[in-house]
Amino acid sequence: MRVLSKLLTLIWIIAFLALIAGFVAYTPVARGYAADHLHVVDNKQPITVTTSGGEALSLGVRIPSVVSGLWASPDGLKLTFAGNQPIILMQPKPQTWGDEITTNMRNITEDETATGRYFVPAVAGETLLDGRITGTVVYPAGGLVEFHNEQTIIDVPVRITVMPSGTGQESGDRLTMLMYAMLAVTGVLILYALGMIIIAVSRHGLRHANGSIVVFVLIAAVFVGVGYVVEKAAVPAVSDADVLGALPVTPLQFLSCVGAAIFLTMLGILLGGDDGESGSLEAAPANQEEQR
């Protein structure tokens, strides 16, 4: 049993270190993916991309100085290539504000992005696609006291050089492999942590675990706060939904899996730590009997 216990502990340590390494690697890999697949420019500025067939590109326009992050697009955004029918790049977004807007000093005005996803078609040889992103965006502009609705006609030139499928996909492959590996590691950690928790609770019951659960909740709260700050600093300027859009899980699902693995592991360690304390308390009377 001791050999098995040491082996399981070694597996847990390796998995935990692998998860930390994955988080360290995520930032440069995600930024590399974003640089290849995410293209947001100011209105009337061109988007020039070289990619390969089958890739999913996020294309869009930056909306400057928006009050409280509010904006609307009555007709959405369309991507039209020469000689082809318009493609719906972004669905219409209705206006959600009226004559008054509740805001605060922190987010009076900030830049927003209107983006949509375009799936590059497969081609037999190098192909050049020339087109434009068009549409209308309405947003409140102004200051803390008053605002007015600003309407912008979107007109963004787009030039996409498409290479045959299988070329230029390194950043997407790296990100996909990294995410799959991290999901596998979180699965190992969750199974190990659940085993630790079940063993500890079966030995001592839930009442014995109350103190550990309180400590766990406090640690979890600190972890969530630190994780939120780190995530904001590490992720590219546009949302995770754009960076991870081509993956089989949503950002919320991925972060939930990782968070569950870490939180359950911490709880398992805290509950398992009670075994040593109770074992020392139980051993003391036996030692006293031997001395007598």
Side-chain angles (χ1 to χ4, degrees), residues 26-27 30-49 56-80 86-119 131-160 224-225 227-247 250-255:
Y26 170 77
T27 298
R31 289 183 183 277
Y33 180 87
D36 291 341
H37 298 78
L38 184 60
H39 304 276
V40 178
V41 298
D42 293 326
N43 190 28
K44 300 187 183 301
Q45 296 298 311
I47 293 177
T48 304
V49 184
L57 303 179
S58 290
L59 309 175
V61 62
R62 189 174 293 107
I63 311 171
S65 302
V66 177
V67 174
S68 291
L70 297 171
W71 61 277
S73 182
D75 304 317
L77 296 180
K78 293 181 175 64
L79 174 61
T80 306
I87 300 169
I88 297 177
L89 188 64
M90 186 191 77
Q91 295 291 339
K93 182 177 180 180
Q95 182 172 326
T96 58
W97 68 93
D99 296 333
E100 294 185 357
I101 296 176
T102 301
T103 185
N104 54 54
M105 294 295 294
R106 187 174 58 182
N107 64 345
I108 298 175
T109 60
E110 55 188 0
D111 292 350
E112 292 291 331
T113 57
T115 61
R117 192 169 299 280
Y118 171 65
F119 292 91
R132 311 187 84 81
I133 297 175
T134 57
T136 304
V137 171
V138 180
Y139 60 93
L144 184 62
V145 179
E146 61 181 23
F147 71 92
H148 64 277
N149 287 337
E150 191 85 24
Q151 178 173 298
T152 301
I153 306 299
I154 304 299
D155 185 13
V156 175
V158 177
R159 170 168 287 195
I160 302 177
V224 169
Y228 176 80
V229 174
V230 172
E231 194 269 345
K232 287 295 182 184
V235 172
V238 184
S239 70
D240 265 349
D242 291 318
V243 176
L244 303 179
L247 297 177
T250 65
L252 180 60
Q253 290 170 340
F254 170 69
L255 293 175

Original post:
Does any N or O in the side chain of Asp42 come within less than 3.5 Å of the main-chain N or O of Val61, such that one atom is a donor and the other an acceptor?
Top reply: no
**OP:** Verify, without hydrogens or angle tests, whether Arg62 (side chain) and Asn43 (backbone) share a donor-acceptor contact under 3.5 angstrom.
**Re:** no
**OP:** Might you point out which heavy atoms bring Tyr139 and Pro64 nearest each other, and give the distance in Å?
**Re:** CE1-O, 3.6 Å
Subject >> Result of checking Thr134, Val137, Ile63 against Ile154 for side chain to side chain contact (heavy atoms under 4.5 Å, CB included) >> reply: Val137
Subject >> Heavy-atom pair with the smallest gap, counting every atom of Leu70 and Pro140 >> reply: O-CD, 3.1 Å
**OP:** Would you indicate whether the side-chain heavy atoms of Val40 and Leu59 approach each other to under 4.5 Å?
**Re:** no
Subject >> For Leu77, the option from Ile87, Ile133, Thr115 that meets side chain to side chain contact (heavy atoms under 4.5 Å, CB included) >> reply: Ile133
Subject >> Any donor-acceptor N/O pair, Asp75 side chain to Thr136 backbone, under 3.5 Å >> reply: no
**OP:** Please round to the nearest 0.5 Å and tell me the distance separating atom NE2 of His39 and atom NE2 of His37.
**Re:** 8.0 Å
Subject >> Steps toward side chain to side chain contact (heavy atoms under 4.5 Å, CB included) verdict (Val158, Tyr118) >> reply: CA-CA 12 Å; Val158 177; Tyr118 171 65; over 6 Å; no
Subject >> Shortest non-hydrogen contact from Trp71 toward Ala114 >> reply: CH2-CB, 3.6 Å
Original post:
If you take all heavy atoms of Trp97 and Val138, which pair is closest and at what distance?
Top reply: CH2-O, 3.5 Å
Original post:
Which heavy atom in Pro74 sits nearest to a heavy atom in Pro92, and how many Å separate them?
Top reply: O-CB, 3.3 Å
Original post:
To the nearest 0.5 Å, how far apart are NZ in Lys93 and OG in Ser73?
Top reply: 9.0 Å
**OP:** Kindly say whether Ala141 contributes a backbone atom to a donor-acceptor pair with the side chain of His148 at under 3.5 angstrom?
**Re:** yes
**OP:** Start with the C-alpha gap between Asp155 and Arg132, add the side-chain angles, then the distance that decides, and say whether side chain to side chain contact (heavy atoms under 4.5 Å, CB included) holds.
**Re:** CA-CA 7 Å; Asp155 185 13; Arg132 311 187 84 81; 2.7 Å; yes
**OP:** Step through the shown structure and confirm whether more than 12 heavy atoms of other residues, nucleotides or ligands are within 6.0 Å of CZ on Arg159.
**Re:** no
